[in-house]
Student: 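My questions all concern the structure below.
In this text, all values refer to a predicted model and were calculated from it rather than measured experimentally. The sequence lines fix the lettering, A, B, ..., with proteins before strands; numbering per chain opens at 1.
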Number of protein chains: 2
Amino acid sequence: MADVAARAGVSLKTVSRVVNDAPHVQPELAERVLAAVAELGFRRNHLASSLRSGQATATIGLLIEEIANPFYATIAGAAAEMARQRDTMLIIASSEEDPAREQQLLRDMCARRVDGLLVVPAGHDHSFLRAEVELGTPVVFLDRPAGKLRADTVLLDNRGGARAGVRRLVEAGHRRVAVLLDSIGVYTMRERLDGAQDALVEAGAPYDNRLVRDGVRDPAAAGRVVAELLDQPDPPTAFFSLNNRITLGVIEELYRRGSDAALLAFDDFDLARLVPYPLTVIAYDAGELARAATELLFRRIDGDRSWPHTVVHPTELVARGLPNR
Amino acid sequence: MADVAARAGVSLKTVSRVVNDAPHVQPELAERVLAAVAELGFRRNHLASSLRSGQATATIGLLIEEIANPFYATIAGAAAEMARQRDTMLIIASSEEDPAREQQLLRDMCARRVDGLLVVPAGHDHSFLRAEVELGTPVVFLDRPAGKLRADTVLLDNRGGARAGVRRLVEAGHRRVAVLLDSIGVYTMRERLDGAQDALVEAGAPYDNRLVRDGVRDPAAAGRVVAELLDQPDPPTAFFSLNNRITLGVIEELYRRGSDAALLAFDDFDLARLVPYPLTVIAYDAGELARAATELLFRRIDGDRSWPHTVVHPTELVARGLPNR
DNA sequence: CTGAAAGCGCTAACAT
DNA sequence: ATGTTAGCGCTTTCAG
């Protein structure tokens with residue numbers, strides 16, 4: 001910047017004004033500065049700028065579980081688009097469901113003085129963020145609530161969605177509904193399971209604990225569990241898959257066997273319509289969820305100091321898949 | 001940091017040493033400093049640190065077309081994982097195939113003094129990056145080559161993959177192969193089309209320009225084009241879809257009609273096995289592509305000044321889908 | 001409307 | 001092994 005100033009025959013401050021298109025600069029001087037900038041290939045150092053000016057790094061941090069998962073990719077896409085509209089860059093990192101890693105990544109983002117944080121929490125204690133929040137870094141939680149910290153939160157109606165879905169199964173006459181979930185340690189899984197139980201209880205259907213299977217981490221595991229359940233005496237007549245990875249494995253096994261068990265699945269997916277097996281999907285708009293959270297975050301960044309909100313987004317039941325052979 | 005130093009009764013530099021766990025600090029002093037850090041809730045300002053130390057913001061930039069697309073999400077996931085292993089943060093931005101936006105985003109990343117850039121290029125002129133590259137910001141191009149800039153590049157064997165796939169169609173007796181593509185302006189689309197034509201020419205099959213359809217932007221458009229082609233006199237007996245979005249629409253329309261046309265598709269996808277229509281997929285490992293590029297980038301960041309490389313990754317033909325009814 | 005000086009928070013280079 | 005000094009590139013403050 002000093003070089004540019006020398007070249008243009010003006011002071012450093014004038015260059016700064018021109019570069020930041022601040023007012024009160026004679027067009028003639030501005031032109032000389034711009035020429036010097038071009039000749040010298042000057043690029044403003046954003047680091048130095050935000051160091052001096054205190055706040056506003058024009059960067060927000062997004063912490064999710066796993067970027068490659070379509071659910072989180074959709075969230076990232078929506079957040080990125082809103083950030084871009086505000087000329088803000090997005091730092092994305094994956095916790096991989098590891099609370100220690102989550103904490104380290106969030107601390108690092110804070111060290112980089114992001115203007116705000118969008119977090120899909122992995123851990124259950126976010127009190128380590130309290131100091132940052134009080135120092136002025138807003139945090140919005142997404143998809144799951146924060147632990148031990150009061151903060152803005154945008155959630156999905158997991159319980160209501162699950163309940164509505166299972167109610168539909170019950171109305172179709174199903175009494176034995178198997179539930180397959182990833183990990184009971186995850187908030188969304190607990191809520192969805194609770195919703196399923198609500199519907200079962202309301203219908204006076206017997207609740208059989210052996211039909212609930214935790215720890216189904218991937219499609220292959222889901223397939224094995226389905227096989228095992230169907231080979232039992234008194235097998236379930238319906239399956240409720242609590243996430244999209246599980247759904248894939250369940251569909252495959254049910255199709256392979258030519259089973260006529262009903263399938264209810266949380267999370268919609270691109271090819272659901274073309275799956276060769278009828279299923280009911282609990283769908284929702286992940287992009288909308290992320291947009292709501294990002295909007296809330298920017299409002300905080302813009303100085304909104306009102307009491308923290310919690311917003312719950314609805315889900316919808318949709319019939320998918322092709323009729324049975 | 002000054003406050004911490006005062007509190008611990010040491011100099012600023014000692015605090016700096018402790019915070020950066022540099023050697024030559026008495027354990028006793030280090031402990032006092034750490035205590036002061038905890039009491040005062042001190043957080044190192046990463047901005048100031050990298051401003052002073054010149055380089056090493058421990059940040060890399062990733063520019064892709066669209067985060068929500070599974071192909072780019074996979075790339076982002078792989079890059080993020082490698083970055084994390086080096087305690088490096090990842091800034092991700094989407095160009096949405098807009099060259100102007102690409103340029104603006106890349107410039108912004110440079111202004112933030114990222115240590116390196118990973119780019120899936122949208123535009124055809126990247127000479128604006130030359131100054132940055134010469135000033136020491138390495139750039140690796142991914143999936144598509146740079147325009148007007150010599151740089152490391154990691155590509156897929158688009159042409160070879162397409163050729164092998166179409167050759168298989170030809171060997172199965174197909175002479176009229178329709179090709180559906182997104183935009184001829186995109187490098188990968190051109191290469192794939194060229195590969196298809198290679199195979200057709202090699203087989204002495206007639207090349208019919210009316211069977212090549214450009215501008216198929218989404219699944220719905222793909223479905224319409226398939227319908228139109230099949231309703232022609234002398235319709236194609238095989239379809240070659242040049243990307244995953246197009247494939248969805250083609251499958252749906254072919255299935256809807258109960259058509260027995262063959263389908264070849266670039267890009268594998270999760271549910272391909274369960275699609276109720278037989279298809280051949282040109283598959284590749286997008287994660288591996290991204291890992292190779294990120295590896296190359298980090299080698300450059302670590303000071304590798306050798307001549308720029310271009311690496312081409314192979315593709316593979318895989319049978320997918322369920323047999324026809 | 002423009003410029004000089006001070007300093008954001010930290011680390012490199014040099015003392016001690 | 002620890003401390004002192006200078007300054008990274010920019011913006012703020014205040015004087016002209």
Side-chain angles (χ1 to χ4, degrees), chain A residues 1-34 36-37 40-59 107-115 131-132 135-137, chain B residues 1-34 36-37 40-59 107-115 131-132 135-137:
Chain A
M1 212 174 225
D3 295 346
V4 173
R7 180 105 182 193
V10 297
S11 82
L12 220 155
K13 176 65 224 191
T14 301
V15 176
S16 172
R17 284 201 180 92
V18 173
V19 168
N20 294 290
D21 37 47
H24 309 309
V25 179
Q26 281 191 3
E28 189 204 331
L29 282 192
E31 227 164 273
R32 253 159 57 201
V33 170
L34 255 19
V37 163
L40 272 55
F42 168 81
R43 300 264 189 285
R44 181 155 161 280
N45 185 327
H46 192 271
L47 262 55
S49 158
S50 33
L51 172 59
R52 177 61 240 232
S53 63
Q55 297 296 9
T57 51
T59 310
R107 279 190 194 284
D108 193 353
M109 287 176 176
C110 289
R112 283 151 199 270
R113 298 299 190 265
V114 293
D115 296 335
E132 305 293 346
L135 245 90
T137 306
Chain B
M1 210 176 229
D3 295 346
V4 173
R7 180 106 182 191
V10 296
S11 82
L12 219 154
K13 177 68 222 189
T14 301
V15 177
S16 172
R17 284 201 179 93
V18 173
V19 168
N20 294 290
D21 37 45
H24 310 309
V25 178
Q26 281 192 2
E28 189 204 330
L29 281 192
E31 227 165 273
R32 251 160 56 200
V33 170
L34 257 19
V37 163
L40 272 55
F42 168 81
R43 300 266 188 285
R44 179 155 162 281
N45 184 328
H46 192 272
L47 263 54
S49 159
S50 33
L51 173 61
R52 175 65 240 231
S53 63
Q55 297 297 9
T57 50
T59 310
R107 280 191 194 283
D108 193 354
M109 287 177 177
C110 289
R112 284 152 199 269
R113 297 300 188 265
V114 293
D115 296 335
E132 305 293 345
L135 246 90
T137 306

Student: What's the spacing between A:Q26 CD and A:T14 OG1 if we round to 0.5 Å?
Tutor: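 If we round to the nearest 0.5 Å, A:Q26:CD and A:T14:OG1 are 10.0 Å apart.
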Student: Identify, with sequence neighbours excluded, every residue that meets side chain to side chain contact (heavy atoms under 4.5 Å, CB included) alongside B:R7.
Tutor: B:A36, B:E39, B:L40
Student: Is the side chain of B:T57 donor-acceptor paired with the backbone N or O of B:S50 at a distance under 3.5 Å, no angle test?
Tutor: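 Side chain of B:T57 to backbone of B:S50: no pair is present.
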Student: Are side-chain heavy atoms of B:M1 and B:N45 found at a separation under 4.5 Å?
Tutor: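 The answer is no, as the side chains (C-beta and beyond) never meet within the 4.5 Å cut-off.
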Student: Rounded to the nearest 0.5 Å, how far does CG of B:L47 lie from NE2 of A:H46?
Tutor: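 These two atoms lie 8.5 Å from each other.
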Student: Do you know which two heavy atoms are closest between A:V25 and A:V18, and how far apart they sit?
Tutor: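 Between these two residues, the closest heavy atoms are CG1-CG2, 3.9 Å.
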Student: Could you tell me which residues satisfy side chain to side chain donor-acceptor pair (under 3.5 Å) with A:D108, sequence neighbours excluded, listed by chain and number?
Tutor: A:R112
Student: Report for the helix from C:dC1-D:dG16 to C:dT16-D:dA1: angle between first-end and last-end helix axes, five pairs each, rounded to 10 degrees.
Tutor: 30°
Student: Quick one: list whatever passes salt bridge (charged side-chain N to carboxylate O under 4.0 Å, His left out) with B:R43, sequence neighbours left out.
Tutor: A:E132
Student: Please, which pairs that meet salt bridge (Lys or Arg N to Asp or Glu O under 4.0 Å) have at least one residue in residues 15-33 of chain B, sequence neighbours excluded?
Tutor: B:E28-B:R32
Student: Say you draw a straight line from CG of A:L51 to CZ of A:R113; how long is it, rounded to the nearest 0.5 Å?
Tutor: 9.5 Å
Student: Would you mind building the protein contact string for nucleotides 6-16 of chain D? One character per nucleotide, 5' to 3', B for base within reach (heavy atoms under 4.0 Å), S for sugar-phosphate only, - for untouched.
Tutor: BBBBBBB----
Student: Would you grab the first and last nucleotide of DNA chain C (5' to 3') that comes under 4.0 Å of any non-hydrogen atom in chain B?
Tutor: C:dG9 to C:dA13
